[in-house]
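Beneath this line is the structure, given in structure tokens, with notes to follow.
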Protein chains: 2
Amino acid sequence: MDTTAPAEPDGTASSLGRSGESARNRVTRALREKLIIGRIQPGRGMTLRGLAAELGVSPMPVREAIQGLAAERALDLSPSGRICVPRLDQRRIGEILDARALLEPRAAELAAPHIDRDCARQLARIDDDIDRSLLDGDVERYLRLNHDFHFTIYRRSQSDVFLPLIETLWLRFGPFMRMIYGRVGTTGLVDHHKRAIAAAERGQARELSEAIRLDIHEGMQLIAEALKDQDAAGAGGPLPVRRRRAV
Amino acid sequence: MDTTAPAEPDGTASSLGRSGESARNRVTRALREKLIIGRIQPGRGMTLRGLAAELGVSPMPVREAIQGLAAERALDLSPSGRICVPRLDQRRIGEILDARALLEPRAAELAAPHIDRDCARQLARIDDDIDRSLLDGDVERYLRLNHDFHFTIYRRSQSDVFLPLIETLWLRFGPFMRMIYGRVGTTGLVDHHKRAIAAAERGQARELSEAIRLDIHEGMQLIAEALKDQDAAGAGGPLPVRRRRAV
DNA sequence: TGACCGCAAATGTGATCACAAAATGGCCAG
DNA sequence: CTGGCCATTTTGTGATCACATTTGCGGTCA
């Protein structure tokens, strides 16, 4: 991904690119990106006007974007209308991984026939970058690349049924990604990636599917361990709206 | 479901109940209902102001509701912003059923332990109504009851992961439901329901799961046949906005 | 007769406003 | 110092407005 987000240190990004696109889509993309790479903490509250100011638009496109994310359950609208990132308990996290383990191998299987040599090489390149990111301890980069790796495969399925379903799951899980990062280290998780790449190169659908399944199941174990310690993930206080400093 | 929609003959319903709830939610529910029971044709266009007038609200809550549905891909926003019900080709319909066959049996399996005697009796009652609806040839009632049957089970899974995913799939598939209705007749499709009920009564998770799987697969075959004749389902003209008669 | 062009109506988008409900923070009583 | 109460501020909701774009129709010309 060459058009990386502006990524100001504190997360504020006022000039989100592509002026030709609707403000709503830009806001949506900005929020999705933040959620996917876990830049927003579970339970974190946000406000229409706050986001609008932060992104340099009026509250209107934000409202629409929020509704979209809320429909995917990537955001939670309290009965009083307050917006926040959902807190998932251990059971729901398990269910997300369960659903992922059902959908993603199938998507990979559908994708396999459409993965050409270029795509396989791209996967290898991403995976190399992943290794580098792990060595450097660059969490965000790792999370972003891991997402890229998986969706570079799934996108090849050309399925606008499986792809959105899987995206929704990643979106909901994103805020908890950082929780497991500490567990990753240089364990065998990348080996599944290597195995997936090998299968992709040879167009072996079932083998690719199986590699993906194992990758997810390994993630499930890591999560389970992480949750054993820190139960009720992010179950702290209300974790309200992060106030913005006056300009 | 006792609070059935007003259901004026031509589909217009101005006073959608529950004044205590936000207009947005009422609009969303009205549209979801219409989509689920296939009251809106694939390819049908709609307008913000049109829906607003039809539902007796300002365009504002409609805008938000539309964004939510669009995020679920239950509605399609053309690049120029036009709103319409997506047209799904044969392949996408197959993928939806494929995804359903992966998710719904699992949801049923999760639900099984929580299905008590009351629930099982409710299922039997719904299935009886389904039989009656089929005999009467009441399409809408059949579609609504079939939806109720499945979700009476899935809801017991208490999974706000699987449930929304499955709902999205039904929502996208809803507009094509009528297409297959003609094929249903009094074939063995209900037998899977009966089998599911028997499993539900005894709390047999795997058996319930299998019955659901078979039910979906039988639906898949019916769809496949229906599509063999009428390919590119609803591939006619632009099928624009249905104009409302002046009041 | 048919294609092309141009105008008028309609549509989505974004912004702003008013309002009721809710949350926040400070104040006072115990 | 603590707990509850009240006023202020904040927040989402719904409505309305202005505008650029697009759509659709009707007329014109070949």
Side-chain angles (χ1 to χ4, degrees), chain A residues 14-16 18-31 43-71 75-86 237-247, chain B residues 14-31 43-71 75-86 236-247:
Chain A
S14 55
S15 77
L16 22 81
R18 311 199 202 187
S19 57
E21 208 176 359
S22 75
R24 180 215 317 149
N25 286 348
R26 288 178 305 181
V27 173
T28 300
R29 184 145 18 85
L31 287 175
R44 168 70 64 198
M46 34 212 306
T47 68
L48 253 26
R49 291 170 175 89
L51 286 171
E54 187 174 332
L55 300 173
V57 295
S58 89
M60 182 57 54
V62 180
R63 279 169 71 167
E64 295 187 325
I66 295 292
Q67 288 304 319
L69 272 334
L75 291 179
D76 195 68
L77 300 187
S78 84
S80 75
R82 268 5 209 299
I83 308 155
C84 76
V85 179
L239 198 61
V241 181
R242 183 177 45 183
R243 298 244 170 260
R244 287 168 49 77
R245 296 183 291 280
V247 198
Chain B
S14 55
S15 76
L16 20 83
R18 311 201 201 183
S19 56
E21 208 176 0
S22 75
R24 181 213 319 149
N25 286 348
R26 286 177 306 181
V27 173
T28 300
R29 185 145 17 84
L31 288 175
R44 169 69 63 197
M46 35 211 308
T47 68
L48 254 24
R49 291 170 175 88
L51 286 170
E54 188 175 331
L55 300 172
V57 295
S58 89
M60 183 56 54
V62 179
R63 279 169 72 168
E64 295 187 323
I66 295 292
Q67 287 306 318
L69 272 336
L75 291 179
D76 195 66
L77 301 186
S78 84
S80 74
R82 269 8 209 302
I83 307 156
C84 77
V85 179
L239 199 61
V241 181
R242 181 176 46 183
R243 297 247 170 259
R244 287 170 48 77
R245 296 181 291 280
V247 198

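Order of the sequence lines sets the chain letters (A, B, ...), proteins ahead of strands, with each chain counted from 1.
- Nearer the 5' end of DNA chain D, as judged by each residue's closest nucleotide, is the contact made by B/S58, out of B/S58 and B/R49.
- Of the candidates A/L51, A/L55, A/L69, A/L55 is the only one forming a side-chain contact (heavy atoms from CB on, under 4.5 Å) with A/V27.
- Note: CG (B/N25) to C1' (D/dG12) measures 12 Å, nearest angstrom.
- Taking atom CD1 of A/I66 as the reference point, atom P of D/dG12 lies 8 Å away to the nearest angstrom.
- Between A/I83 and A/L77, some side-chain heavy-atom pair lies under the 4.5 Å cut-off.
- Distance check: A/R24 CZ to A/I66 CD1 gives 13.0 Å after rounding to the nearest 0.5 Å.
- Between the P atom of C/dT13 and the CD atom of A/E21 lies a distance of 12 Å, rounded to the nearest Å.
- Taking side-chain N and O atoms only, A/S80 has a distance below 4.0 Å to OP1 or OP2 of C/dA23.
- In terms of polar N and O atoms assigned as donor or acceptor, the side chain of A/R63 comes within less than 3.5 Å of the base of D/dG14 in a complementary pairing.
- Residue contacts shown for A/I83 are limited to sugar-phosphate atoms, with no base heavy atom under 4.0 Å away.
- Closest-nucleotide positions on DNA chain C for A/M60 and B/L48 were compared, and the one nearer the 5' end corresponds to B/L48.
- For A/R82 and A/E64, each mapped to the nucleotide of DNA chain C holding its nearest heavy atom, the one lying further toward the 5' end belongs to A/E64.
- Remark: P of D/dT21 and CG of B/L77 are 19 Å apart, rounded to the nearest angstrom.
- The CE atom of B/M60 lies 8.5 Å from the CG atom of B/L48; values are rounded to the nearest 0.5 Å.
- Straight-line distance from the CD atom of A/Q67 to the P atom of D/dG12: 11 Å, rounded to whole Å.
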